[in-house]
Amino acid sequence: MKHLLVPLLAGVMLLWPGAMLYGADMRTLQRQVLETRRALEQQAAADREAAARDAAEVRERILKDKAALERSIAELQAGNRKRQGEVEALNGETTALAEQEEELIRDLAESDGMVRELVGVIRINAKDLYDLVIGDPQNGVSPTPVDFLKDMADQTAFPGMPEIRRMVDLLFSEIAVSGEVSLARGPIIDRSGHTIDADILTVGGFSAAYRVDGETGFLEYVPADRNFHALSRLPAHRLKKQIDRYMQGRGDVVAVDVSRGAALAQLAHGMNLWQQVGNGGPLVWPILAIFILGAAMTIERVVFLLRRRFDADTLLQRMAEPASRRDWNACRKMWAPVAGKPVARVIQAGLAACSARRREMEDALQEAILREIPAMERFLATLGMLAAIAPLLGLLGTVTGMIDTFQVITRHGTGDPRMMSGGISVALVTTMLGLAVAIPVMLAHTLLGRATYNFIGQMEEKAVALVNMVHKTRSGDGCLD
């Protein structure tokens with residue numbers, strides 16, 4: 001209010017001279033101004049007193065608040081020091097807890113690794129057990145629920161203790177079943193692809209056999225459709241008879257495929273000798289022709305040599321008695337029944353020349369022996385040549401097959417080994433066949449050559465014995481020295 005009155009009074013004082021000039025009763029106005037001034041001063045004094053009182057009250061309140069604030073600050077400082085001690089204690093606890101946490105994390109990581117490893121082992125064993133049970137031929141006769149093993153192996157279910165106990169029970173059950181033999185009637189897929197009922201013999205978890213309408217063979221269990229499939233090829237007669245006797249209860253021995261189907265698969269899909277020969281390419285036929293020709297020559301030579309064998313030693317000893325009496329006609333009659341034998345023909349030639357001198361008789365015998373040698377050595381050179389040609393043809397087939405293989409590699413690369421199998425098959429089959437033909441032909445050539453040389457030696461020996469026998473007489477019957 002004081003600040004408002006001062007400008008107002010100043011304005012009035014400035015306007016006062018004008019008012020004197022233009023107003024009628026300036027004195028009256030002056031008194032009013034003075035009165036107004038006194039009123040304003042009183043009002044200002046009252047305002048000052050009120051402001052002083054308010055200021056004193058505010059100062060008193062401020063002092064009170066200051067004391068309260070100082071007390072509060074002191075309390076807060078004390079609380080702060082207390083909290084700092086608590087914080088330091090908590091920091092110590094936090095450090096200890098952090099160390100414990102790190103130790104627990106390490107223990108947890110180690111335990112987690114052990115659990116993961118254990119779970120991995122359990123899943124692997126579950127998969128192995130699933131494959132073992134699902135591929136067991138006994139499962140085709142009496143199916144076993146194994147879906148929980150598949151869930152464990154496929155990581156769709158966590159292996160808990162109930163599943164582990166169930167897996168262990170199933171494992172022991174499979175161990176027990178693997179030693180059982182069962183005979184039951186059930187459906188099979190025969191060799192023509194039709195479903196028929198047959199007697200099914202299962203031997204543990206290894207192999208299975210069937211018997212239906214006089215046909216006996218092995219079965220292959222296919223886990224995909226849980227059916228027994230008859231192998232496309234029947235077993236050998238001995239195995240069929242063995243299976244029949246076992247299924248009839250009259251035998252205690254039966255063939256078992258311990259490889260769980262691998263050996264039976266080789267029996268079904270394996271190629272016989274003729275099928276392997278067919279994969280050898282065109283050079284197989286010349287090699288087979290060499291084998292047939294060599295076999296024919298070998299048979300002919302064996303028959304020839306066997307038909308010309310006889311006991312010449314005994315006959316020559318029997319001839320000693322008439323020779324000592326110089327009865328040459330009796331000697332000739334003794335050799336007449338075996339006149340078709342080479343040794344007999346040589347002796348007959350010697351007896352025909354017994355009247356000649358020793359040298360001339362020896363020449364006659366040598367000529368007779370030389371006459372017999374070509375017939376004795378017939379086909380021997382040819383057999384030797386065939387024995388040399390057969391492996392060369394096999395080597396030629398090997399080179400041809402490898403050329404085809406490298407051509408396939410050049411065109412298609414080595415991504416698919418089946419594309420190279422044709423050339424490799426030609427290479428291996430022709431080599432095998434060439435050696436298989438050359439070895440017996442060479443053996444036959446050696447044995448026949450040895451037998452022929454023995455025959456020739458026998459003829460020479462008997463010729464010398466005849467010369468000595470004839471010229472020991474030295475009589476006057478025309479035999480001269």
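In this structure, F228 and A208 approach most closely via the heavy-atom pair CE2-CB, 3.9 Å. Shortest non-hydrogen contact noted between V212 and A198 is CB-CB, 3.7 Å. Considering every non-hydrogen atom in both A451 and L305, the closest pair reads CB-CD1, 3.7 Å.
To the nearest 0.5 Å, the span separating CZ on R245 from NZ on K241 amounts to 6.5 Å. Taking CD1 from I189 and CD1 from I196, the interatomic distance works out to 9.0 Å, rounded to the nearest 0.5 Å. R309 CZ to F455 CZ: the interatomic distance, rounded to the nearest 0.5 Å, is 6.0 Å. In this structure, CE in M114 is found 11.0 Å from CG in D107, a value given to the nearest 0.5 Å. In this structure, the separation between CD1 on I456 and CD on E372 is 10.0 Å, given to the nearest 0.5 Å. A distance of 10.5 Å separates CG of D169 from CE of M167, quoted to the nearest 0.5 Å.
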Considering only distance and modelled atom types, tabulate donor-acceptor pairs under 3.5 Å from the side chains of residues 73-82, sequence neighbours left out.
none

Side chains of residues 88-103: which donor-acceptor pairs under 3.5 Å do they make with residues two or more places apart or in other chains?
from : atom 1 : to  : atom 2 : distance (Å)
N91  : ND2    : V87 : O      : 3.2
T94  : OG1    : L90 : O      : 2.7
T95  : OG1    : N91 : O      : 2.9

Which atom pairs, donor and acceptor, lie under 3.5 Å between side-chain atoms of residues 432-449 and protein residues at least two apart or in another chain?
from : atom 1 : to   : atom 2 : distance (Å)
H445 : NE2    : L380 : O      : 3.1
T446 : OG1    : M442 : O      : 2.9

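For Q242, there are no side-chain hydrogen bond (donor to acceptor under 3.5 Å, both in side chains) partners at least two apart in sequence or on another chain. S182 pairs by the side chain to side chain contact (heavy atoms under 4.5 Å, CB included) definition with Q138, T202, not counting sequence neighbours. Residues forming a side-chain hydrogen bond (donor to acceptor under 3.5 Å, both in side chains) with R185 (at least two apart in sequence, or on another chain): D199. Residues meeting the salt bridge (Lys or Arg N to Asp or Glu O under 4.0 Å) test with E460, sequence neighbours left out: none. In terms of the side chain to side chain contact (heavy atoms under 4.5 Å, CB included) criterion, residue partners of L63 (sequence neighbours excluded) are, by chain and number, R59. Shown here are the side-chain hydrogen bond (donor to acceptor under 3.5 Å, both in side chains) partners of T195, two or more places apart in sequence or in another chain: there are none. By the side chain to side chain contact (heavy atoms under 4.5 Å, CB included) test, I299 is found to be paired with V303, residues two or more places apart in sequence or in another chain being considered. Evaluation of the side chain to side chain contact (heavy atoms under 4.5 Å, CB included) rule for D244 yields R211, T216, Q248 as partners, not counting sequence neighbours.
Contact annotation: the side chain of E377 approaches that of Y453 to within less than 4.5 Å [non-hydrogen atoms, C-beta and beyond]. Between F291 and I287 the shortest side-chain heavy-atom distance does not fall below 4.5 Å. By the 4.5 Å heavy-atom criterion applied to side chains, L393 and T430 are not counted as neighbours. Side-chain contact check for R61 versus E57: some heavy-atom pair is nearer than 4.5 Å. For the pair I243 and F218, the minimum side-chain heavy-atom distance is below 4.5 Å.
Side-chain polar atoms of Q43 and D47 form a donor-acceptor pair below 3.5 angstrom.
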>> Determine whether R37 and E41 satisfy the following criterion, salt bridge (Lys or Arg N to Asp or Glu O under 4.0 Å), listing intermediate values before the conclusion.
In response: CA-CA 6 Å; R37 179 177 180 182; E41 288 177 352; 3.3 Å; yes
>> L201 vs Y246, test: side-chain contact (heavy atoms from CB on, under 4.5 Å). Steps then yes/no.
In response: CA-CA 9 Å; L201 172 69; Y246 192 85; 3.7 Å; yes
> Please walk me through it: do R378 and E300 pass salt bridge (Lys or Arg N to Asp or Glu O under 4.0 Å)?
Replying inline: CA-CA 10 Å; R378 187 173 56 177; E300 189 275 335; 3.0 Å; yes
> Can you check side-chain contact (heavy atoms from CB on, under 4.5 Å) on L392 and L396, steps first, answer last?
Replying inline: CA-CA 6 Å; L392 293 178; L396 179 60; over 6 Å; no
> What's the verdict on side-chain contact (heavy atoms from CB on, under 4.5 Å) for I188 and N227, showing C-alpha distance, side-chain angles and the deciding distance?
Replying inline: CA-CA 6 Å; I188 67 169; N227 286 326; over 6 Å; no
>> Using side-chain contact (heavy atoms from CB on, under 4.5 Å), reason through I200 and L183 one step at a time and then give a plain yes or no.
In response: CA-CA 6 Å; I200 302 175; L183 179 62; 6.0 Å; no
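Sparse packing is recorded around CZ of R307, with 12 or fewer heavy atoms of other residues, nucleotides or ligands lying under 6.0 Å away. Within 6.0 Å of CG in D213 there are 12 or fewer heavy atoms belonging to other residues, nucleotides or ligands. Atom CZ of F379 has more than 12 neighbouring heavy atoms from other residues, nucleotides or ligands inside a 6.0 Å radius.
Taking 4.0 Å as the cut-off between side-chain N and carboxylate O, R106 and E110 do not count as a salt-bridged pair.
Annotation: salt bridge (charged side-chain N to carboxylate O under 4.0 Å, His left out) contacts involving residues 434-444, sequence neighbours excluded, are absent.
By the 6.0 Å and 45° rule, R301 stacks over the aromatic ring of F304.
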